[in-house]
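Reading through the structure tokens given below for one structure.
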Amino acid sequence: MWLAGMAVNSTSQLFKSLLVTSELIDGQNRGRLASSSLYDICTRIHRISLGTSFWPGEQLQHSSFSGSAKHEKHRNLSLVCVSNMREFDQTALVSAGKYLQNASTISEAISLVKKHLHQGSTIDSYMYVDVLQRCFKHKDLTSVKQVHDCILKSGMDQNPYVANKLMRVYIRCGKVQDARHVFDKLVKKNVFNWTTMIGGYAEHGRPADAIEVYNQMRQEGGRPNEVTYLSILKACACPVGLKWGKEIHAHISHGGFRSDVPVQTALVNMYAKSGSIKDARLVFDEMAERNVITWNVMIGGLAQHGFGQEAFSLFLQMQEEGFVPDSTTYLSILTATACSSAGALGWVKEVHRHAVKAGFDSDMRVCNALVHVYSKSGSVDDARLVFEGMLDRDVISWSAMIGGLAQNGCGHEAFSLFLKMQREGVIPNVTTYHGCGQEAFSLFLRMRREGVVPDAITYMSILNASASTGALGWVKEVHRQAVQAGLDSDVRVGNALVHMYCKTGSISDARLMFDGMVERDVITWTAMISGLAQNECGQEAFSLFLQMQREGFIPVATTYASILNVCTSTGLAMVEEI
DNA sequence: TTAGGGTTAG
């Protein structure tokens, strides 16, 4: 590079040029310097003053400046230089990373980087971090690959900032393996790099890999900090993570993070999510200091384990201790699991009253949760009231209401709402269709409760009596719309349709749907097998049962129940094979 | 300049 008219290719040359530079910047010559050169000068000088590495591939420590009068002189000079041009220096530093500010798009920014690379100009870490940040925002994988290529060409792949940002972008784009590749190539890894890799695995539900990296970090002498612990605990917050989570707990206690509120909160969360709600409570109770998030985690954990009443007590207690519940508190306490238990309606109403008083009744997410839990706890009227009172509704609101009506035996109203929703321009999503599938099933169960023999014709007659559209026609209509919306390839929608066709007695439609599915899971196979079994197609059900296992699917209890029903009517020979 | 605890529908 050229600095103040001198060719600068090394640290010592930069030192030499400082004097000339300071004069140029300090004098009337400021305007004669190109802005990019000024930017370069400022960042480099600033980094000299900080005593950090500033030359690609060169490890410059603070101590490099001390020990010799010459270096000390240069250091002082740089500091004088920085203070003399403080105003300019700050401007330059604010614009650090905004070097590409003239580029309005990612491709423009990349073109600039490529141009610099082509011209042999220095591209520093700020510039790469800037362009990578743009890729991060837009989840633009194609651009990331291009930038990665430039990084390799300019030999910046070992820069900890650049490598870290690159890893983060890959992780965000779902390319954890690519992030791992960057990580593995890093000769020297800092705590950010370790933490990013662990966090990446946590984000993608890969606890075993996260633990592997965490253990490697410790073996190589890396010292986890509070953020590392937050990341590894997040990875372990699942049933298989419990055994590792307990080990991490011990490390945290020995490592002096006992009073760190976020780390302790993450521990509570890890225990709650991995199924050990007792340990979660133990950690929670032992905490000397808590914040709203801590309370939310504990309340949510209890609610998700079905302890609605306990969650509600804690909800009251947090307020007695002076904490103000936020929208997350309401979302955490109002979970379906907690609210489907007997007697839940009472405290759900109480939570609702609190929410109104605190002004959260205008929060769409809180209202959605209320619609859902009122339906779950059996009060579709309350659900309807909340739904009707909402000023804004999204697809979740509609799906919650439709599903709620369906589950509470208001199938016709659910379907009308489904049509109304589309008239109002709201596009149904997978869940909406799933809710409609539930409607068919709940109606089926209702008929069974009413003593209807599961004969397809009788079944359809009763459906016709309760829904003017007619069950099969209705199912076909939903199916048509799902195809139109491109949602029929979704395995959950496909499963619901197979299920619905079976329940309406149209086994051929069910089979057609089943055969056409690109992706199947154990639910698909079970729905089809049980449909065939219930429609007196025992032989077909059995051969499908064998086929599913040949294709590597493991039958679940419901699959066996269906196939055993077949055996009672077709002979015992099959039982031995099962 | 780089890592970050909790969040509603199915």
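Remember, predicted model here, so these are calculated numbers, not experimental data.
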* Asked: Base, sugar-phosphate, or nothing for A/V261, non-hydrogen atoms under 4.0 angstrom?
  -> base
* To do: Could you list the residues that satisfy side chain to side chain donor-acceptor pair (under 3.5 Å) with A/K273, not counting sequence neighbours?
  => A/N269
* To do: Check the surroundings of atom CG in A/D285: do more than 12 heavy atoms from other residues, nucleotides or ligands lie under 6.0 Å from it?
  => yes
List the atom pairs, with distances to 0.1 Å, where a side-chain N or O of residues 329-338 of chain A and a protein N or O form a donor-acceptor pair under 3.5 Å, not counting sequence neighbours.
from, atom 1, to, atom 2, distance (Å)
A/T329, OG1, A/N296, OD1, 2.7
A/T329, OG1, A/D326, N, 2.9
A/T329, OG1, A/D326, O, 3.2
A/T329, OG1, A/D326, OD1, 2.9
A/Y330, OH, A/H354, O, 3.4
A/S332, OG, A/T328, O, 2.6

* To do: With sequence neighbours left out, write down each residue that passes salt bridge (Lys or Arg N to Asp or Glu O under 4.0 Å) with A/K349, or none if nothing qualifies.
  => A/D382
* Asked: Taking atom types as they are modelled, is there a donor-acceptor pair under 3.5 Å from the base of B/dG5 to the side chain of A/N296?
  -> no
* Do any of residues 270-283 of chain A sit with a heavy atom less than 4.0 Å from DNA chain B, and if so which? -> A/K273
* Is there a donor and acceptor pair, one atom on the side chain of A/R168 and one on the base of B/dT2, closer than 3.5 Å? -> no
* For A/R384, enumerate each residue passing the side chain to side chain donor-acceptor pair (under 3.5 Å) test, keeping only those at least two apart in sequence or located in another chain. => A/D381, A/E413
* Per the atom types in the model, does the base of B/dA3 pair as donor or acceptor with the side chain of A/N225 at under 3.5 Å? -> yes
* Using a 4.0 Å heavy-atom cut-off across all strands, classify A/L334 as base, sugar-phosphate, or nothing. => nothing
* Go through the structure and list residues passing side chain to side chain donor-acceptor pair (under 3.5 Å) with A/R258, not counting sequence neighbours. => none
* **Side chain of A/T328 (C-beta onward), nearest among B/dA9, B/dT7, B/dG4** => B/dT7
* **Side chain A/S125 and base B/dT1 donor-acceptor under 3.5 Å** => yes
